[in-house]
Amino acid sequence: MIRLLKVIEQAGKDGISTTKLCEQAFKSRNYGMRVIKRAYDDGYIKRFGKKKEGPGYKKINYLSAKGKKLLNQLNTE
């Protein structure tokens with residue numbers, strides 16, 4: 001999960017799409033989606049839908065305050 005949070009942090013204030021996040025943080029999209037769901041359920045990330053061309057929405061992932069706090073704690077140790 002730490003790798004996931006670091007990739008989102010590097011994306012900056014604009015966040016990162018789920019597809020790019022899975023590509024950069026994990027080799028497997030299935031595993032990546034499980035980690036993303038757990039990080040979201042535990043409150044480490046926020047996810048918002050953004051209208052894309054064609055049908056549906058794509059999710060943009062951002063660090064939550066809880067996720068930023070965890071990364072700061074790890075960086076200070």
### All side chain to side chain donor-acceptor pair (under 3.5 Å) counterparts of Arg47, not counting sequence neighbours
Thr18, Asn61
### Query
Under a single-linkage definition using a 4.5 Å side-chain heavy-atom cutoff for Ile, Leu, Val, Met, Phe, Trp and Tyr, are Ile8 and Phe26 assigned to the same hydrophobic cluster?
yes
### By side chain to side chain contact (heavy atoms under 4.5 Å, CB included) - contacts of Lys69 (at least two apart)
Gln73
### Query
Which pairs with one or both residues in residues 2-24 pass ring-ring contact (aromatic ring centres under 6.0 Å, His included), sequence neighbours excluded?
none
### Pairs where residues 5-25 contributes a residue and the test ring-ring contact (aromatic ring centres under 6.0 Å, His included) is met, not counting sequence neighbours
none
Can you list, pair by pair, the side-chain donor-acceptor contacts under 3.5 Å of residues 29-42, counting residues two or more places apart and other chains?
residue: Lys37; atom: NZ; partner: Asp41; partner atom: OD2; Å: 2.8

### Query
How close do Leu71 and Leu5 get, heavy atom to heavy atom, and via which atoms?
CD1-O, 3.7 Å
## Note on the structure
Taking every heavy atom of Gly43 against every heavy atom of Lys66, the minimum-distance pair comes out as O-CB, 3.5 Å
### Query
Between CG of Leu4 and CD of Gln24, what distance do you get to the nearest 0.5 Å?
11.0 Å
### Sequence-distant partners of Lys68, side chain to side chain contact (heavy atoms under 4.5 Å, CB included), two or more places apart
Leu63
## Note on the structure
So the salt bridge (Lys or Arg N to Asp or Glu O under 4.0 Å) pairs with at least one residue in residues 13-24 (sequence neighbours excluded) are none
### Between CE on residue Met1 and CD1 on residue Ile45, distance to nearest 0.5 Å
8.5 Å
### Query
Within the side chain of Ser64, is there an N or O that forms a donor-acceptor pair under 3.5 Å with the backbone of Tyr44?
yes
### Summary
In terms of heavy-atom contacts, Val7 and Ala25 come closest through CG2-CB, 4.0 Å
